Amino acid sequence: MPEPLVTCLQRYLDDAKTFERRVAGRCVLVYEPPEVDEDEDTEAHFRFRTVSGQSDAVMGGGEPVVVFLEKTKDNAMRHRITLGRTANNDIVLDDASVSRFHAWFEKTTAGAWTLADAGSKNGTELEGTPLEAKRPAALENGNRVKIGQIDLTFLTAAGFLKFLRSKGT
């Protein structure tokens with residue numbers, strides 16, 4: 001289940017060692033909602049949820065949301081963390097610009113992470129460069145990822161802790 005940033009700040013900034021143990025070898029995606037004018041409709045642009053079928057409150061102008069890159073037991077792709085619009089993905093982005101099965105993340109045998117577009121309609125970008133379908137690209141801490149029209153940031157455990165500390169000051 002995605003966690004609001006405030007929850008992560010409270011839970012982890014005081015105990016970095018517990019945080020590092022929890023996410024050792026795992027990474028996160030961070031969604032930072034766009035700023036919303038007071039006059040604009042504050043309804044969220046989409047829902048961000050996991051395969052559990054539960055969803056957070058609608059997002060659109062509030063706290064950043066954090067999703068750990070984790071494999072669910074029900075997803076058929078054993079070594080890939082799938083992302084898409086439908087509930088059979090490990091990470092669900094409920095937005096019309098996201099394909100049913102849009103992309104996947106995979107950890108290599110060397111421990112690095114990659115991202116591949118699954119042949120989606122609206123594409124996947126890494127640092128502004130469109131990914132070629134089914135061609136994994138190496139990810140690095142802080143990379144900007146665009147899934148359809150949704151902007152995310154990929155962070156390693158160490159990068160996420162640094163991110164949390166920067167938001168807490």
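Because the structure is a prediction, the values reported are computed rather than measured. Counting begins at 1 with the first residue of the sequence.
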Check your understanding: Where is the tightest heavy-atom contact between Gly119 and Ala133, given as atom of each residue plus distance?
Key -> CA-CB, 3.8 Å
Check your understanding: What heavy-atom pair brings Ser97 and Ile147 nearest, and what distance separates the two atoms?
Key -> OG-O, 4.3 Å
Study note, to complete from the structure: One should read off an interatomic distance between Leu131 CG and Ser120 OG, to the nearest 0.5 angstrom, of 9.0 Å
Practice item. Drop me the distance from Lys107's NZ to Thr114's OG1, to the nearest 0.5 angstrom. Key: 11.5 Å
Check your understanding: Looking at side-chain heavy atoms only, is the closest gap between Leu93 and Tyr31 below 4.5 Å?
Key -> no
Point to revise | N/O donor-acceptor pair under 3.5 Å between Asn141 side chain and Thr156 backbone | key: yes
**Study point:** Flag side-chain contact, heavy atom, 4.5 Å: Thr124 against Lys146
**Key:** no
Review point. If you measure from CZ on Arg85 to CG on Asp95, what distance do you get to the nearest 0.5 Å?
Key: 9.0 Å
Check your understanding: Does any N or O in the side chain of His102 come within less than 3.5 Å of the main-chain N or O of Gly123, such that one atom is a donor and the other an acceptor?
Key -> yes
Point to revise | Shortest non-hydrogen contact between Cys27 and Leu155, atoms and distance | key: CB-O, 3.2 Å
Review point. Are any of the side-chain heavy atoms of Glu106 and His79 separated by less than 4.5 Å?
Key: yes
**Study point:** salt bridge (Lys or Arg N to Asp or Glu O under 4.0 Å): pairs with one or both residues in residues 135-144, sequence neighbours excluded
**Key:** Glu132-Arg135
Check your understanding: Thr86 versus Phe101: any side-chain heavy-atom pair under 4.5 Å?
Key -> no
Point to revise | Validation row: Leu69, Phe154 side chains within 4.5 angstrom (heavy atoms) | key: yes
Practice item. Report yes if some heavy atom in the side chain of Trp104 is under 4.5 Å from a heavy atom in the side chain of Lys134; otherwise report no. Key: yes
**Study point:** Pairwise side-chain contact, Val145 with Leu139, heavy-atom cut-off 4.5 Å (strictly under)
**Key:** yes
Practice item. State yes or no: do Phe163 and Phe68 share one hydrophobic cluster built from I, L, V, M, F, W and Y residues joined by side-chain heavy-atom distances below 4.5 Å, directly or via other members? Key: yes
**Study point:** Validation row: Leu83, Leu29 side chains within 4.5 angstrom (heavy atoms)
**Key:** yes
Check your understanding: Donor-acceptor pair, Asn89 side chain versus Val92 backbone, under 3.5 Å?
Key -> no
Review point. What are the two closest non-hydrogen atoms of Asp90 and Lys71, and how far apart are they?
Key: OD2-NZ, 2.6 Å
